[in-house]
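Treat the numbers as computed from the prediction; the structure is a model and nothing was measured.
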Amino acid sequence: MANSLLKPSLLRLFAQDLQNFTHNNTKIGLKLLSSLSQTPQSTNDRTLDYLVHTIGLPKDSALAAAKKTRLKPTADPDSVLALFNAYGFTPSHIASIFSKQSRLLLANPDTTLKPKLEFLSKNGISGNLLVNVICRDPYILCRSLDKQIVPCIDFLRNFFGSTDGVVLLFSAGGGTRVLETFSESMAPNIEVLRANGVLDSNIAKMLSLRPIALSRDVENFIDIVEKAKEIGLNPSSLMFIHGLCMISSMSKDKWLSKVHLFKSFGWSDEQFQSMFLKQPFFMKRSEEHLKRMLDFFMNKWDWTREDISKYAVLLNLSLEKRVIPRSSIVQHLISKGFIKRKSFGIALQRPEHEFLEKFVMKYLSKDPHLLEMYQEKKKMAI
């Protein structure tokens, strides 16, 4: 009972003290509240201001980057920029880098960034190539120098026999992916390929296309190589590498599920394997995509399995954006007697400018609305 009587009185006393405080210390109270509410925001404002006015990022890009990075009072981003300037990075290069990896602003330029730039430069990745590589993949500078960058570059230098091969690999668009996926399994897996007659030039291609496949457990990698040979791929050909990349890109269950899909459309193992040997890339598409493509070609256009195998590259195309708009035009031209049905595969396969030239513009004098019809079909696909 006594406690219940005390509580209201204590609350009244606290309220009275608070009122007196706010009347007599208005400025102090406002400053305290302002500092409590604005400290995180002011930190973020500093980051945003730096990204926009010092680095030169557009406001939208800067806002996105500021959500991932906040400059601390101890951060010295000017020293980071000075280091990049010293290595030949222009303001536009620097803006490109920090729009992708803004957290590099928080890195210590002397102990974290400079040793990585120095090591890359000493191994042939210097000057304009260094600038291009870092702009393309700034995440390199977020990787461990001792655990990833050094052992990977050493491995590549040993494989190629010099830094020249490393330079060529990193000059390619996806050449730096090997840094992301490097593992100690790469060297023994390369020996597995060599033992099976795969040329070093083709192994180098694999390092560029899909280095993650070479990072697999050795026993698992051997199984994939044997699977590629069972299908009929020739280890001495470049197609062996493409097939190996496709097989390694999915689980065994996923592979079998896609093979079963083709069988559900009447394909035999031999017919499937024959097409895969010529054009393995279709297997990277989703099961749903392949199902829709097979249904379109085999049920709507009455194509045989031989027809599809002949134009297997078409399975990689977009049904809505390319196949359907073009097929509508081809069907129209066939109905008018302008072309024969056998032209269908060629028409879908042609680059856009050639399709326009040979299957649209060529017949405008006979059918003035043909171009408009094609443009409408393409709009419907968007």
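Residue I212 is not grouped with residue L156 when hydrophobic side chains (ILVMFWY) are merged at heavy-atom distances under 4.5 angstrom, including chains of intermediate members. In this structure, M250 is a member of the same hydrophobic cluster as I247, with clusters built from ILVMFWY side-chain heavy atoms closer than 4.5 Å. Both F119 and F155 belong to a single network of hydrophobic side chains, linked directly or stepwise wherever heavy atoms of I, L, V, M, F, W or Y lie under 4.5 Å apart. Note on V131 and L168: separate hydrophobic clusters, where clusters join Ile, Leu, Val, Met, Phe, Trp and Tyr whose side-chain heavy atoms are under 4.5 Å apart, directly or indirectly. A continuous path of ILVMFWY side-chain contacts below 4.5 Å connects L71 to L83, so both sit in one hydrophobic cluster.
Ion pair E352/R326 flagged as a salt bridge, since at least one NZ, NE, NH1 or NH2 atom sits closer than 4.0 Å to an Asp/Glu carboxylate oxygen. Ion pairing between E191 and R194 holds under the 4.0 Å rule for side-chain N and carboxylate O. Between D269 and K263 there is a salt bridge, since a side-chain N of the basic residue sits under 4.0 Å from a carboxylate O of the acidic one. By the 4.0 Å N-to-carboxylate-O rule, E288 lies too far from K291 to be salt-bridged with it. With respect to R157 and D154, a salt bridge is recorded, a charged nitrogen being found less than 4.0 Å from a carboxylate O.
Of the inter-residue distances, the one linking L277 atom CG with N234 atom CG reads 10.0 Å to the nearest 0.5 angstrom. Note: I339 CD1 to K358 NZ = 12.5 Å, rounded to the nearest 0.5 Å. The CD1 atom of I346 sits 4.0 Å away from the OH atom of Y311 when rounded to the nearest 0.5 Å. Atom CG of L199 sits about 9.0 Å away from atom OG of S237, to the nearest 0.5 Å. In this structure, the separation between CG on D295 and CZ on R292 is 9.5 Å, given to the nearest 0.5 Å. Here NZ of K252 is found 11.0 Å from CG of N220. Values are rounded to the nearest 0.5 Å.
Two residues are said to be in side-chain contact when any heavy atoms from C-beta on lie closer than 4.5 Å; Y87 and K114 meet this criterion. Between F281 and V313 there is no side-chain heavy-atom pair separated by less than 4.5 Å. Between L105 and I55, some side-chain heavy-atom pair lies under the 4.5 Å cut-off. Contact check for W301 versus S327: side-chain heavy atoms found under the 4.5 Å cut-off. At a threshold of 4.5 Å between non-hydrogen side-chain atoms, the residues K340 and I334 do not count as touching. At least one side-chain heavy atom of Y50 sits under 4.5 Å from a side-chain heavy atom of L81. Residues F359 and L333 form a side-chain contact, since some pair of their non-hydrogen atoms from C-beta on lies under 4.5 Å apart. Two residues are said to be in side-chain contact when any heavy atoms from C-beta on lie closer than 4.5 Å; N316 and R285 meet this criterion.
The number of heavy-atom neighbours closer than 6.0 Å to NZ of K254, taken from other residues, nucleotides and ligands shown, is 12 or below. Environment of CG in N299: crowded, with over 12 heavy atoms of neighbouring residues, nucleotides or ligands closer than 6.0 Å.
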#### Entry: Residue pair E306, Q271: steps toward the side chain to side chain contact (heavy atoms under 4.5 Å, CB included) verdict
CA-CA 8 Å; E306 290 73 21; Q271 288 170 327; 3.6 Å; yes

### Message
As a quick check of understanding, evaluate side chain to side chain contact (heavy atoms under 4.5 Å, CB included) for I241 and L233, giving each step before the final call.
### Response
CA-CA 9 Å; I241 294 299; L233 289 164; over 6 Å; no

### Task
Would you please test S126 and S121 for side-chain hydrogen bond (donor to acceptor under 3.5 Å, both in side chains) and show each step?
CA-CA 4 Å; S126 58; S121 296; 5.6 Å; no

### side chain to side chain contact (heavy atoms under 4.5 Å, CB included) assessment of M246 paired with K284
CA-CA 7 Å; M246 287 300 103; K284 70 182 177 181; 3.7 Å; yes

### Task
Any chance you could lay out the side chain to side chain contact (heavy atoms under 4.5 Å, CB included) test for D217 and F221, step after step, and finish with the verdict?
CA-CA 6 Å; D217 172 82; F221 187 74; over 6 Å; no

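A donor-acceptor pair under 3.5 Å links the side-chain atoms of T181 to the main chain of R177, judged by distance alone. Here the side chain of K59 pairs no donor or acceptor atom with the backbone of L48 at under 3.5 angstrom. One N or O on the side chain of Q148 and one on the backbone of S144 form a donor-acceptor pair closer than 3.5 Å. Side-chain N or O atoms of S208 include none that pairs as donor or acceptor with a backbone N or O of K205 at under 3.5 Å. K362 contributes no side-chain N or O that, together with a main-chain N or O of E357, makes up a donor-acceptor pair within less than 3.5 Å. Judged by distance alone, with hydrogens and angles left aside, the side-chain atoms of D49 form no donor-acceptor pair with the main-chain N or O of R46 at under 3.5 Å. A donor-acceptor distance shorter than 3.5 angstrom exists from the side chain of S171 to the backbone of V167, with no hydrogens or angles considered. Side-chain atoms of K258 come within 3.5 Å of backbone N or O of M283 as a donor-acceptor pair. Under a 3.5 Å cut-off, the side chain of R210 and the backbone N or O of H242 do not form any donor-acceptor pair. Listed for the S248 side chain is a donor-acceptor partner under 3.5 Å among the backbone atoms of C245.
Note on ring orientation: taking the six-membered ring where Trp is involved, the planes of F344 and W303 are perpendicular (angle over 60°, cut-offs 30° and 60°). Note on ring orientation: taking the six-membered ring where Trp is involved, the planes of W267 and F262 are perpendicular (angle over 60°, cut-offs 30° and 60°).
Here the closest non-hydrogen pair linking R143 and I149 is O-CD1, 4.0 Å. The minimum heavy-atom distance linking D200 with F159 is given by the pair O-CZ, 3.7 Å. In plain terms, the two heavy atoms of M293 and V323 that are nearest each other are CE-CG2, 3.9 Å. Here the closest heavy-atom approach between residue S236 and residue N202 is recorded as O-ND2, 3.7 Å. Contact record, L319 with H289: N-CE1, 4.5 Å, taken as the closest heavy-atom pair. Closest non-hydrogen pair, A107 versus V80, comes out as O-CG2, 3.5 Å.
In summary, the aromatic rings of W255 and F276 are positioned with their centroids under 6.0 Å apart. Between F84 and F98, the gap from one ring centroid to the other is short of 6.0 Å.
For the residue pair S96 / H93, no side-chain donor-acceptor distance below 3.5 Å is found, with atom types taken as modelled. When only modelled atom types and interatomic distance are considered, S79 and D76 share a side-chain donor-acceptor pair under 3.5 Å.
The residue from M206, K227, M239 that alone fulfils the side-chain contact (heavy atoms from CB on, under 4.5 Å) condition with L244 is M206.
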